[in-house]
Each structure stands twice: as C-alpha cells, then as structure tokens.
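Notes to accompany the following structure.
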Protein chains: 2
Amino acid sequence: MGNNPVDRKELILDTALKLFTKNGFFNTSVHDIQKDAMVSIGSIYHHFGNKEAIAKSLFHHIESDITGIIESIMVNHETAHDRCRAVIAKFFEITEHNPDQMNFLLYAKHREFMPDQQPLCSSRPFSLMSQIVDEGMERGEIRRMDPLVAAVAVFGGAIRLIFLELDGVLENPLRSYLHECWQCAWRSVTG
Amino acid sequence: MGNNPVDRKELILDTALKLFTKNGFFNTSVHDIQKDAMVSIGSIYHHFGNKEAIAKSLFHHIESDITGIIESIMVNHETAHDRCRAVIAKFFEITEHNPDQMNFLLYAKHREFMPDQQPLCSSRPFSLMSQIVDEGMERGEIRRMDPLVAAVAVFGGAIRLIFLELDGVLENPLRSYLHECWQCAWRSVTG
DNA sequence: GTCTATACCTGGATAGAC
DNA sequence: GTCTATCCAGGTATAGAC
C-alpha cells in the first residue's frame, strides 16, 4: 500500500481505496476505477475476479498493517498506560497522514459490500486493543470493571475524534487534541 | 414512525427503514420495498418522487424525534451531570427498543446516499449534546478543557457501546453496562 | 497480462389506465 | 392515490484478440 505503486495490482488497489473512501463503494463503478487508474477493465478483473474482491483485498491489507503497528507497540511498551497512549497517538497520526486508510478501516460499512465479513470490532486490531486493556486491569493499572466498558472508555473518545477529523469538522489539527483526549481517557479508567 | 402504520406513506417508511438497516441503502431496491410493504411501485414514487427522498424523509423524522427527546431532557434536568446521564440512558433505551432507528441515525453513511447532507456530528441532536457539555463547563461542573474533547469524552464510550450492540456482539443487555459506562464518562471530565 | 468490445441484467424511474 | 407494464441507463462481468 505504498504511495508509489509499482505493479498494476497495487495501482488498482490505491485507486480503489481513494475512490471508495471519497464516493463510497456503491458509488464507485469498476469503470471509474479503470479510468482513474488508467488501466483496462480486463486487467482489473484478471487480478481480482470481481469488485467485492478489490474491497476485500484492501481491507485485509489495511487490517494487517494496523495489526502490525499495534503488535509492535505491544513489544515496545510495557504498561497499559503507555500502550494505549501509543495506540491512540498512532491512530491520530495515520488519520492525518493517511486518512483514506483510516476511513476505509473505521468508517466503511464493510458488511454492506462484504457480506461474509465479521463486524469490525471482532477484527484483529480491535481484539488486540481489548487485550491491552484487559492486561492493564490484571496488572492493577486500570481499576476493576467490565473489560468491555474499560475498552470503550479508553478508546471511545479518541475514535470519536477520528470520526470528526474524517468528517472534516475539526478546527485544529487532530494531533493538537491528543494530550487532553488522552488525559480524559486514562482518567476514566483509573483512580 | 409508529409501529402500527395507518397510511401507505408511513408503511413505506417503516418498511424502508427495516430494509435499509438490514441490508443497506444500496442493497435495497425500490422493488424490494414495494414487495415487502405490499404496495405498488407507483405508490412509492407518488409519495416520495425518488429513492433518495425516502431516506431523507426517514432521516429527518428520526433526527427530529431524537432532537425532541434531548430537548425534553434539557427541560427536565438542571445539571450537565443529570442531562448527560439521561441522554446516554435514553440512547441505550432507544437502541434496545428501536435498534433500526438508532442504526439508521448513527451507523448509516448518510452522505453516500444523501450527498447534500451535513455530517451527522453537525446535526441538531449532536450540537445539543455539545451545548449541554459546554454549559456544564461554564457552570464549573466539568473541568476546563477544549469543549470538543469534553464532548467526545462524555459520549464517546457510550456511542462505542451502542455500535457494539448494533453489531450484535454484546454478551449482556446494553442497559446493564450503563452504570459503569457512565461512571467512566463522568470521571473523565471531572475532578 | 493487458486490452477492446460487448453481453446481460438489475434497478431506478415513467406512462397511463383505473 | 393506486396500480401494472414498460423503458432505459448504467454497471458487472465475460469473450477473445493480442
């Protein structure tokens, strides 16, 4: 998913991501992708078989990118406090530098165009985030409560802010809200 | 939007809401609505003109319902504490009793099928919720911080939980999480 | 692997009788 | 206001040459 696609397949994926997030999956025809990527229809169907498969491939690429990022955060940080903060900071960063990726991951209604897809919250990145919170509770960093509630309390506000950014309604850069947002998040589950 | 529609128009709206939330706007054809509601195509087009107008009408109905609910909460409760808690409690209640309504309001990507629609966060219910938080900050109930951050901190976790409920991944009834969820929310912006 | 041309059909919308 | 029959654009997907 680099910015400088070498082969046709990557070019098609990059173009599809751009158009899907801009206009939505259903408002984007294969012809649109074909024209924008300056590739033939035949080429697209050769590589992906059908339109849904483009979205699937996109989703799995992004999901595995994000999973890798979270895993590396888990390796490099010890405490739930540092891990959660790092995850939110990284999500903010991706949202600002690569909004299409975040948009497609978080915002798209995947099940509408990939019927066999699990809900997003069951995906690997989200289960890792829950796991981080669970471990923090076991370690005594986070006060005892329902683990699910703790997870949504820690990440809910940040995710909301990401949506606002993707909707283009934030006055200031997303990152400028990080400090206060994190203070609220952490305060909500401690003490 | 009653459960016992009298005229054709309401029947069409109820059916459309059901199908839109179940299968998505783009996976629902006017023919589907027609069959499910046992009404003719002509009747649908007579009342609404086109498919998008059905969604628009639906959205405005729901938006104004929710707006009314929040306004009445603002009348009946004095403090930001009580108001915010009541809003979340009510949202949970609606989600459980009328999931389609909440689904369509919160979850649908409106701008994909209603291009001239403002983003949801700019809608009346959401601006009222922000206003409640703002006033709470002026009154000194909520500690000084960016008003936007305060709003997402108060409501972010609850909204996340609602999404989880709508995705059908909660083990227990949504309302059983209310108490802890609210504790986190309020703690995040006070003290 | 890539292309063009085209088949096929779904689905939004209209016409016009009642 | 409601219905049936029909139109037709646009979109997915395929065929088959290169």
Side-chain angles (χ1 to χ4, degrees), chain A residues 1-2 4-59 61 104 108-117, chain B residues 1-2 4-59 61 104 108-117:
Chain A
M1 211 77 40
N4 197 4
V6 284
D7 59 4
R8 285 270 194 294
K9 202 164 176 179
E10 235 175 290
L11 174 61
I12 293 166
L13 283 176
D14 281 356
T15 307
L17 176 61
K18 186 179 75 179
L19 295 176
F20 286 169
T21 54
K22 187 172 168 224
N23 305 320
F25 178 82
F26 293 102
N27 292 320
T28 304
S29 72
V30 179
H31 288 285
D32 292 337
I33 300 173
Q34 172 248 311
K35 269 174 265 177
D36 194 295
M38 294 195 294
V39 162
S40 72
I41 285 247
S43 184
I44 294 179
Y45 278 94
H46 171 76
H47 284 297
F48 295 96
N50 61 44
K51 186 183 170 187
E52 188 184 322
I54 304 175
K56 269 194 186 135
S57 173
L58 224 33
F59 182 75
H61 270 80
F104 189 77
K109 298 211 61 184
H110 307 102
R111 304 177 83 175
E112 278 189 13
F113 51 87
M114 308 186 313
D116 46 344
Q117 189 67 34
Chain B
M1 211 76 40
N4 198 6
V6 284
D7 59 5
R8 284 270 195 291
K9 201 165 175 177
E10 234 176 291
L11 175 61
I12 292 166
L13 283 176
D14 281 357
T15 307
L17 177 59
K18 186 179 76 178
L19 295 177
F20 287 169
T21 54
K22 188 172 166 225
N23 305 319
F25 178 83
F26 293 101
N27 291 320
T28 304
S29 72
V30 179
H31 291 282
D32 292 337
I33 300 173
Q34 172 250 311
K35 270 175 265 175
D36 195 294
M38 295 195 294
V39 163
S40 72
I41 286 248
S43 185
I44 294 180
Y45 278 95
H46 171 76
H47 284 296
F48 295 97
N50 62 43
K51 186 183 170 188
E52 188 183 323
I54 305 175
K56 267 193 187 136
S57 172
L58 224 32
F59 183 74
H61 270 81
F104 190 77
K109 298 210 64 185
H110 307 103
R111 304 177 82 175
E112 279 187 14
F113 51 86
M114 308 186 314
D116 46 342
Q117 188 67 35

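As the structure is a computational prediction, the values presented were derived from the model and not from experiment. Numbers restart at 1 for each chain; the letters A, B, ... are given by sequence-line order, proteins then strands. All values below were derived from every heavy atom in this structure, side-chain atoms included, with hydrogens, water molecules and symmetry-related copies excluded.
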If you measure from the Lys or Arg side-chain nitrogens to the Asp or Glu carboxylate oxygens, is any gap between A:Asp116 and A:Lys56 under 4.0 Å?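 Yes, A:Asp116 and A:Lys56 are salt-bridged.
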Pairing of B:Lys22 and B:Asp36 as salt bridge, 4.0 angstrom limit: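 The answer is no: the pair does not qualify as a salt bridge.
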Reading DNA chain D from 5' to 3', where do the contacts with chain B start and stop? Cut-off is 4.0 Å to heavy atoms.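 Here the contact window of chain B covers D:dG1 to D:dT4.
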Given the rule in the side chain to side chain contact (heavy atoms under 4.5 Å, CB included) test, do B:Ile41 and B:Gln34 qualify, once you have shown the distances and angles that lead to the verdict? CA-CA 6 Å; B:Ile41 286 248; B:Gln34 172 250 311; 3.8 Å; yes
If we ignore hydrogens and angles and just use 3.5 Å, is the side chain of [X] paired with the main-chain N or O of [Y] as donor and acceptor?
X	Y	result
A:Asp32	A:Leu19	no
B:Thr28	B:Gly24	yes
B:His110	B:Phe104	yes

Nearest whole Å is fine: how far is [N] [atom2] from [X] [atom1]?
X	N	atom1	atom2	value
B:Leu19	C:dG11	CG	P	13 Å
B:Phe113	C:dG12	CZ	C1'	16 Å
B:Glu52	C:dG11	CD	C1'	16 Å

So which atom in B:Ala16 and which in B:Ile54 form the shortest heavy-atom distance, rounded to 0.1 Å?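 Result for this residue pair: CB-CG2, 3.6 Å.
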Please compare B:Ser40 and A:Lys51 by the position of their nearest nucleotide in DNA chain D and report the one closer to 5'.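 So the residue in question is B:Ser40.
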For residues 17-45 of chain B, which residue pairs pass the ring pair (Phe, Tyr, Trp, His ring centres under 6.0 Å) check, not counting sequence neighbours?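 Residue pairs with at least one partner in residues 17-45 of chain B: A:Phe26-B:Phe26, B:Phe20-B:Phe25, B:Phe25-B:Phe113.
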For DNA chain D, what residues of residues 26-38 of chain A have any heavy atom nearer than 4.0 Å?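 Residues of residues 26-38 of chain A under 4.0 Å from DNA chain D: A:Thr28, A:Ser29, A:Val30, A:His31.
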